[in-house]
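Below is one structure, written out as structure tokens; comments come after it.
To find a chain, count down the sequence lines: A is the first, B the second, and so on, and within it residues start at 1.
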Amino acid sequence: MTRTTFDYIPNQIEGKWQERWVQAKLFEAEFDTKRPKKYVLAMFPYPSGRIHMGHVRNYSIGDVMARFFRMRGYNVLHPMGWDAFGLPAENAAIQNKVHPKKWTDENIVTMKGQINRLGVCYDWRREVATCDPEYYRWEQLMFLKLLKEGLAYREKRQLNWCASCETVLANEEVVDGLCWRCDNPVVLKEMDQWFLKITKYAEELLQDIDKLNQWPDRVRIMQRNWIGKSEGAEIDFQTESKEAIRVYTTRPDTLFGATAIILAPEHKLVEKLVSEASKKEVKAFIENVKAMDRIERASETTEKLGLPIGADAFHPLTGEKIPIWIANFVLTDYGTGALMAVPAHDTRDHAFARKYKLPIKTVVQKSKTGEEETELPFIEDGYSVNSGEISGLATAEAKKKIIAILESNKVGFAKTNYRLRDWGISRQRYWGAPIPIIHCPKDGLVEVPEKDLPVRLPENVEFKGKGGSPLSQHSDFINVKCPKCGGPAKREPDTMATFVESSWYYSWFCSVNHPEDRALNRTECDQWLPIDHYIGGVEHATGHLLYFRFFQKLMADWGWVSEREPSKQLICQGMVYKDGAKMSKSKGNVVDSDELVARLGADTARLFVLFAGPIEKDLEWSDQGVEGCFRFLGRVYRLVMNSIQELQGVKLDEPVVNDEAKKLRHLIHKTVQNVTSDIEKDFHYNTAISFMMELVNSLYLIDLSKSPSDVRSLFKKAIGDLTLMLSPFAPHMSDELWEATGNKGFTLDCAWPVFDSTFAKASEREIVFQVNGKIKVKVICPDGTPDKELENMALANSKIKELLAGKPPKRVIVVSGKLVNVVVG
RNA sequence: GCCGGGAUGGUGGAAUUGGUAGACGCGCCGGACUCAAAAUCCGGUGCCGCAAGGCGUGAGGGUUCAAGUCCCUCUCCCGGCACCA
């Protein structure tokens, strides 16, 4: 049989099918109640310029899912859009004098073209770019709703400020404490900012993590830690001034072991309580701490410094005097900004007490009777001692009881704390959604009336990179009339963080046509949500992936949607590396999607990123590996094309009589079974592909011209099933082969191949005979050979007999269909 | 420091509940085709050994008839958090 007549030339195949798919509106999804739904979503990209291999991998993973589920009979929603606001566009504007909108729009056109050349099956009717006023107007409405509900508020916070550029910098723009653009030192500047009260949902966000059993454990753990729930108590320590110091502790049972009260240097009471004698020293200490930059101060390795302020507090239960200190490691914004130091039962307090010679008082011991020595610091649970009424109680009991005592004395109460902070959304930037607020000298903060939404970004703006955000310098935008009093007022110059846009885009995709009077169409959202499979990088674990859960809960509370969790399953794909480093322009190890597609085709590109390893693991790029995938597709193409002539008129349902045919039938059914289960079971694409390769390798060994009719019939079935199974991975070539083998339509509209488990089961098995666990003999037996028979065969085997040398076996272990292990002494 | 995840041939990676380690791909070696090369097709390929055989899943112990898989100790690598009272 001649096998080199057909060349696999992807360029002649792929563009043609991409056009046909669009013409046929093949990827447009409409909800229908007759079929089960699947919402497959890959995290939408920032339109940075061109897509990179990480995108290719991300979208290929989703595309195979979408196509597979569709062939399996699901109604699949598979949309895509653009996270279009953000800093790089503005930097491009400053550096290259391009308007951010123009820059963004052009990038979207480029990237959309690149994605389409990969043949990804998106329903582009649902596309959204978040910089579209029709999108962000609803976000502005959400902000106003949050404000009304007290879930959006304004507060002073420190920001990175470059005095030279006169601008606020994002954390990632501060490189080693210097401005990334001008290399001048970055300072902290206190400014008013808007916050969203995500902490109100801390408990629900935490509780619901338990429901996300199809999310990777590491992400669930990261979110749990990020929310950081801790249970304890707040306790008041009276002072000589009128005001008590309130501390937070997770170990109220160690109250009797407190030998110092330590305040954050910024604590409000420091000034009131400081003794005349210590004033100067304390002031210097505070100045010193403030001079330290944030990163340095937050570092655990920074030396722990403290200073007594010359005043005492009184133990709430014993009245004992306890010195008040300030220390650099006490945080203002956690708990109450004050703590009781219990040196005997806290590692850090212990070190602090030893350094400054504070008394160390043991109030918890290891064993109830105290016969076992308690090594300090003893931070585990134990039994209270020297603790008045709670002495003798186990830690858990002691906690409960001491809280009851504190509550009855009105000096303390149980308290739950979270490490989760409210979400700061103000950005002193142009390229973002304006915050719909007006500052009126008379009426204060005034909401922009809903009828005036959206607050549009002005287009005629200058980008100098100096003097603050361009919006704050844009007088037409800034100077407005107060909606309340009509007097002169100023518009809020800040825009919203782009994480706000990406917190709800997935629900926008549920509609093709959007209602004019509401953000979302609830019916359509309820039809499609939650996302069934959400695919993206793990770097969003405690950012986007927390924010979008928060927004889903908000939207559910507003009655916009029913579901309280946005995504059932999360898949975090690994990163793409080359030469041991992340692909980046600066390292010069970038592989361009378009170039690859032009040279070897989209199908090869897709196949490689899926075959090179499991989707959740990092992937090392290999040009030779890519070639291998191209070779495989070429092999498939030639196999099918070369068989068309031979298979003319061959029927699919010939009775199977020959052994060779039976073997082939088994192989086909086994392959369908394995490919199907590998895709279904956690999307093991790499092994699914390898099973198809094995099938192809076997088919190549069959010489059709010499084969009986049952083999020819099965061969025809094999290439049909193969074409369909390959369709999600290499859709262009599959459609081409499907047509070439005399079929009509698209493989995506075909049903996924099915297998018969009786044929998928092997008729023969290789049985291993072991002596003391070492493999000695391998024999082929019919499937289902009884254990007893296998045992007899092993014992009768000449080789085994020889090894036993007449000794009687001590034990014989038979594992059905697998092995016989003969144990001798 | 704490919390996760890893370590398998020359290489990317496979291995249901403990039951034939190394599927599939790459690379390499050989063969066919060709004047020749490329492409293609076929075969071989964990290590040591001529062979019989032995040794092999980061290191060392253990449990078991049987361990990549379970338990203990350790080394190294990657990721997250980083004084959270």
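- Nucleotides B:rA39 and B:rA32 have their C1' atoms positioned 14 Å apart, rounded to a whole Å.
- Listed candidates were B:rG4, B:rG80, B:rC24. Nearest to the side chain of A:Arg218 is B:rG4.
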Checklist entry - Between A:Glu627 and A:Arg599, is a salt bridge (charged side-chain N to carboxylate O under 4.0 Å, His left out) present by the stated rule, with each step listed? => result CA-CA 11 Å; A:Glu627 295 281 344; A:Arg599 198 163 56 85; 3.6 Å; yes
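- For A:Asn686, a side-chain nitrogen or oxygen approaches OP1 or OP2 of B:rA14 to under 4.0 Å.
- A:Lys799 comes within contact range of the sugar-phosphate backbone alone, with a heavy-atom separation under 4.0 Å but no base atom that close.
- The aromatic rings of A:Tyr356 and A:Phe352 are tilted relative to each other, their planes meeting at an angle between 30° and 60°.
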Next on the checklist: The test is side chain to side chain donor-acceptor pair (under 3.5 Å); show your working for A:Ser230 and A:Tyr248 and say whether it passes.
Outcome noted: CA-CA 10 Å; A:Ser230 71; A:Tyr248 174 70; 2.9 Å; yes
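- With P as the reference atom, B:rG6 and B:rU16 are 14 Å apart, rounded to whole Å.
- Other residues, nucleotides and ligands place more than 12 heavy atoms under 6.0 Å from the CD atom of A:Gln214.
- The side chain of A:Glu766 lies closest to B:rU20, out of B:rU20, B:rG43, B:rG13.
- Listed nucleotides: B:rC84, B:rC83, B:rC81. Nearest to the side chain of A:Lys304: B:rC83.
- Taking the six-membered ring where tryptophan is involved, the planes of A:Tyr637 and A:Tyr8 are tilted, since the angle between them lies from 30° to 60°.
- Residue A:Glu627 is classed as having no contact, given no heavy-atom separation below 4.0 Å to the nucleic acid.
- Taking a 6.0 Å sphere around NZ of A:Lys578, one finds it holds more than 12 heavy atoms contributed by other residues, nucleotides or ligands.
- Nearest nucleotide to the side chain of A:Val815, out of B:rC81, B:rG19, B:rU20: B:rG19.
- When the P atom is used for both B:rG56 and B:rG12, the distance is 22 Å, rounded to whole Å.
- Taking 4.0 angstrom as the limit, A:Asn225 places none of its side-chain polar atoms (N or O) nearer than this to OP1 or OP2 of B:rA82.
- Summarising the local packing, NZ of A:Lys355 is surrounded by more than 12 heavy atoms from other residues, nucleotides or ligands at distances under 6.0 Å.
- As rounded to whole Å, 17 Å separates atom P of B:rG79 from atom CD of A:Gln573.
- Rounding to whole angstrom units, CZ of residue A:Phe691 and P of B:rG13 are separated by 18 Å.
- Separation of the P atoms belonging to B:rG4 and B:rC70 is 16 Å when rounded to the nearest angstrom.
- Contacts of A:Glu694 with the nucleic acid, taken as non-hydrogen atoms under 4.0 Å apart, involve only primed sugar atoms and P, OP1 or OP2.
- B:rC47 sits 16 Å from B:rC28 when the P atoms are compared, rounded to a whole Å.
- Side-chain nitrogen and oxygen atoms of A:Thr687 include none within less than 4.0 Å of the OP1 or OP2 phosphate oxygen of B:rC24.
- Applying a 4.0 Å cut-off to non-hydrogen atoms, the residues of residues 337-348 of chain A that approach RNA chain B are A:Leu339, A:Arg348, listed by residue number.
- Distance from the side chain of A:Leu331 is smallest for B:rC84 among the nucleotides B:rG19, B:rC24, B:rC84.
- Within the nucleic acid shown, A:Lys810 has no heavy atom closer than 4.0 Å to any nucleic acid atom.
- Of the candidate nucleotides B:rG25, B:rC65, B:rC83, B:rG25 has the atom lying nearest to any side-chain atom of A:Phe611.
- Residue A:Lys774 places no side-chain N or O under 4.0 Å from the OP1 or OP2 atom of B:rG19.
- On the P atoms, B:rG31 is 13 Å away from B:rA38, given to the nearest whole Å.
- Using a 4.0 Å heavy-atom distance criterion, A:Asp349 is classed as making no nucleic acid contact.
- A:Gly228 comes within 4.0 angstrom of nothing in the nucleic acid, heavy atoms only.
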Item to check | Derivation of the side chain to side chain donor-acceptor pair (under 3.5 Å) call for A:Asp422 and A:Thr199 | outcome: CA-CA 6 Å; A:Asp422 279 338; A:Thr199 52; 2.6 Å; yes
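- Residue A:Arg220 places none of its side-chain N or O atoms closer than 4.0 Å to OP1 or OP2 of B:rC3.
- When the side chain to side chain contact (heavy atoms under 4.5 Å, CB included) test is applied to A:Asn213, the partners found at least two apart in sequence or on another chain are A:Arg220.
- No more than 12 heavy atoms of other residues, nucleotides or ligands shown are found within 6.0 angstrom of CZ on A:Arg354.
- Phosphate proximity of B:rA82 to A:Arg419: absent, as no side-chain N or O sits under 4.0 Å from OP1 or OP2.
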Checklist entry - Which dot-bracket string fits RNA chain B when only Watson-Crick or G-U wobble pairs with both atom distances under 3.5 Å count, crossing pairs get [ ], and | stands for a partner on a different strand? => result (((((((..(((......[....)))((((((.......))))))(((....)))..(((((..]....))))))))))))....
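- If you check every strand for non-hydrogen atoms under 4.0 Å, A:Thr250 touches sugar and phosphate atoms only.
- One atom, OH of A:Tyr577, and another, C1' of B:rU11, lie 19 Å apart when rounded to the nearest Å.
- The listed nucleotides are B:rG19, B:rU20, B:rA14; the one nearest the side chain of A:Lys818 is B:rG19.
- Note that A:Arg606 lies outside the cation-pi zone of A:Phe611, set by a 6.0 Å cut-off to the ring centre and a 45° limit from the axis.
- Atom NZ of A:Lys361 sits in a crowded spot, with more than 12 heavy atoms from other residues, nucleotides or ligands closer than 6.0 Å.
- Between A:Asn674 atom CG and B:rC24 atom P there is a gap of 13 Å when expressed in whole angstrom units.
- For the pair A:Ile780 CD1 and B:rU20 P, the interatomic distance rounds to 15 Å; values are reported in whole Å.
- At the heavy-atom level, A:Thr542 lies nowhere under 4.0 Å from the strands shown.
- Between A:Arg224 and B:rC81 there is no side-chain N or O to OP1 or OP2 distance below 4.0 Å.
- Checking B:rC83, B:rG4, B:rG25 against every side-chain atom of A:Met693, the shortest atom distance belongs to B:rG25.
- Comparing the C1' positions of B:rA14 and B:rU69 gives a spacing of 14 Å, expressed to the nearest Å.
- The separation between A:Met222 atom CE and B:rG80 atom P is 8 Å, rounded to whole Å.
- Residue A:Leu819 is in base contact, counting any heavy-atom pair closer than 4.0 Å across all strands shown.
- Which of B:rU17, B:rU20, B:rA85 sits closest to the side chain of A:Ile775 comes down to B:rU20.
- One finds no side-chain N or O of A:Tyr700 lying less than 4.0 angstrom from the OP1 or OP2 phosphate oxygen of B:rC42.
- For the P atoms, the distance from B:rA15 to B:rC24 is 13 Å, rounded to whole Å.
- Annotation: cation-pi pair A:Arg635/A:Tyr700 present, NZ/CZ under 6.0 Å from the ring centroid and within 45° of its normal.
- The listed nucleotides are B:rC24, B:rC42, B:rU20; the one nearest the side chain of A:Ser690 is B:rC24.
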